[in-house]
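This report refers to the structure that appears directly beneath it.
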Amino acid sequence: MQATVRASPNIALIKYWGKRDEKYNLPAVSSISITLDEIWTETKINFSPNHKRDILTINNVQQDDTRRVSDCIDSICGEHRNFACVSSKCNFPISAGLASSSSAFSALVIAINQAVNKGYELQDLANEAGKASGSAARSMLGGFVELENKKNKIQINQLLQSEDWPLRVVIAITDSQKKAVSSSEGMKLSSKTSPFYNSWVKNQSEDIDEARKAILSQDFLRLSEISEHNCMKMHSVMWTSRPSIVYWNSATIECMHAIRELQKKGEFVFFTIDAGPQIKAVCLPECESKVVNILKEIRGVSSVLQSGLGQEPQIK
Ligand code: PMV
């Protein structure tokens, strides 16, 4: 009745922003991501008839609110179950736009399935992870992952394994505080108020097709162009929500300019930004040290994390 699983977050190259179904947390758009390896969440779950309620600790701090985790366990095990003790450790800042919920919930659903021997298939578990956090479904696979929107569910497909195209990711941390507007609140607001929201949803399949082709042909410049464009479109939807949602700070913008300068010099690097102020620079391995050196000198960048592309979650 216990299991430990380590999973890595993923970073979307073609973003998800908006939901088509609140109850099952189904995304309004398909998305494409890369799974990382050097940064991870490790989650241990232990069910026991002796527990009086679910207990959740994150980085050794007991949490008052276990609702999202309890709902996820109920959804897989049913409500007539033993209570669980869930202990999760993360080697990177949480709730700061580094997709910690993607590694947390992909690790959790696999740990639950393993601990109670439910025998769920990968796609079912991806739907369970997605119910808790839309992006978590993509961390169920390694490498390059497409999350496809299907009728009443989602499906995840691996486009390439991490070894097939070993890109590097350099993450510039510009603020590690918890974000002011959660992704779910932000998505709700954008879908109700941004005049750009409908065209964002309508045009997503073109971006998905373009990125898929770029990935399958390992065409870095093609992937770079469509990923930056898609990121800027998502942030335009955020910015034009009412009230406006701006996750960037001045260092975020400085980093974007620095990456554009590197591109002009012929370096193979592009940026992407999620619901937070961190910059994620995706690059070819031979450009990594230049990208790190430039980003770490930018005022407001407190640290720089480096990662390769990783595997699906590992049961310990
Ligand atoms: O999985 P959530 O609910 O934290 O939403 C993630 C949304 C973005 O990170 C902004 C984009 C994405 O596709 O990961």
Side-chain angles (χ1 to χ4, degrees), residues 7-36 39 41 67-69 71-72 90 92-109 126-141 144-149 154 156 159 169 171 178-191 194 196-197 200-201 203-205 207-208 211-212 226-239 241 245-248 252 271-280 282:
S8 285
N10 67 79
I11 291 177
L13 303 182
I14 301 299
K15 309 291 189 186
Y16 137 62
W17 192 253
K19 300 181 199 288
R20 73 187 141 111
D21 180 298
E22 290 281 334
K23 186 162 172 232
Y24 294 101
N25 202 34
L26 293 170
V29 290
S30 298
S31 54
I32 293 181
S33 61
I34 41 179
T35 302
L36 302 182
I39 63 176
T41 301
R67 200 183 44 229
R68 270 175 96 187
V69 163
D71 286 352
C72 183
C90 229
F92 61 100
I94 52 177
S95 301
L98 285 181
S100 55
S101 62
S102 67
S103 47
F105 284 103
S106 56
L108 180 66
V109 296
N127 275 274
E128 291 298 334
K131 238 189 251 178
S133 162
S135 58
R138 299 184 308 234
S139 275
M140 301 292 289
L141 289 171
F144 294 77
V145 180
E146 177 172 349
L147 183 154
E148 223 185 308
N149 242 341
I154 51 146
I156 49 165
L159 297 175
V169 182
I171 304 175
K178 197 173 181 320
K179 60 194 170 213
V181 183
S182 74
S183 312
S184 289
E185 288 166 49
M187 289 183 200
K188 215 183 268 178
L189 190 64
S190 292
S191 65
S194 169
F196 297 166
Y197 182 78
W200 155 255
V201 173
N203 295 323
Q204 183 79 341
S205 61
D207 293 6
I208 291 275
R212 190 192 308 108
I226 192 63
S227 300
E228 286 191 2
H229 172 67
N230 186 267
C231 165
M232 298 307 271
K233 272 202 305 203
M234 178 183 76
H235 284 275
S236 307
V237 173
M238 294 166 169
W239 282 38
S241 302
I245 311 162
V246 180
Y247 287 112
W248 306 354
T252 318
F271 64 79
T272 190
I273 310 161
D274 292 295
Q278 330 306 352
I279 279 266
K280 288 113 185 200
V282 181

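Keep in mind that what you see is a predicted model, and the values were worked out from it rather than measured. Residues: numbered from 1 along the sequence shown. As a basis for the values below, the full set of heavy atoms in this structure was taken, side chains included, without hydrogen atoms, waters or symmetry mates. One-based numbering, in listed order, for ligands and for the atoms of each.
- Nearest to atom 9 (O) of ligand 1 among the protein's heavy atoms is Asp274 OD1, 3.5 Å.
- Protein heavy atom nearest atom 5 (O) of ligand 1, with residue, atom name and distance: Met187 CE, 3.4 Å.
- Under the 30°/60° scheme for interplanar angles, the aromatic rings of His235 and Trp248 are found to be tilted.
- Ser31 and Arg138 share a donor-acceptor pair across their side chains, judged by distance under 3.5 Å alone.
- Within the model, atoms CH2 of Trp239 and OG of Ser190 stand 13.5 Å from one another, a figure rounded to the nearest 0.5 Å.
- Ser101 counts as a contact of ligand 1, since one of its heavy atoms falls under 4.0 Å from the ligand.
- Ligand 1 has no N or O atom lying under 3.5 Å from any N or O atom of Lys15, backbone or side chain.
- Of the N and O atoms on the side chains of Asn10 and Thr35, not one donor lies less than 3.5 Å from an acceptor on the other residue.
- The shortest separation from a heavy atom of Ala99 to ligand 1 is not under 4.0 Å, leaving the residue out of contact.
- Close N/O approach between Tyr16 and ligand 1 is found [any backbone or side-chain N/O within under 3.5 Å].
- Residue-to-ligand polar distances keep Ser184 apart from ligand 1: every N/O pair is separated by 3.5 Å or more.
- Screening Ile171, Leu98, Val282 for a side chain to side chain contact (heavy atoms under 4.5 Å, CB included) involving Ile11 leaves a single residue, Ile171.
- Of the listed residues (Ser33, Pro27, Ser135), the one carrying the non-hydrogen atom nearest atom 6 (C) of ligand 1 is Ser135.
- Proximity of Glu22 to Lys188: side-chain heavy atoms (C-beta onward) are separated by under 4.5 Å at one or more points.
- In summary, the side chains of Ser101 and Ser133 do present a donor paired with an acceptor at a separation below 3.5 Å, with no hydrogens or angles considered.
- When Gly134, Ser31, Ser183 are ranked by how near their heavy atoms come to atom 4 (O) of ligand 1, first place goes to Ser183.
- With ligand atoms numbered from 1 in the order given, ligand 1 contributes 10 (C) to contacts under 4.0 Å with heavy atoms of Ala275.
- The contact set between ligand 1 and Ala12, taken as ligand atoms under 4.0 Å from a residue heavy atom, comprises 12 (C), 13 (O), 14 (O).
- Under the 4.0 Å criterion applied to side-chain N and carboxylate O atoms, Lys131 and Glu128 are assigned as salt-bridge partners.
- Ligand 1 has a nitrogen or oxygen under 3.5 angstrom from a nitrogen or oxygen of Arg138.
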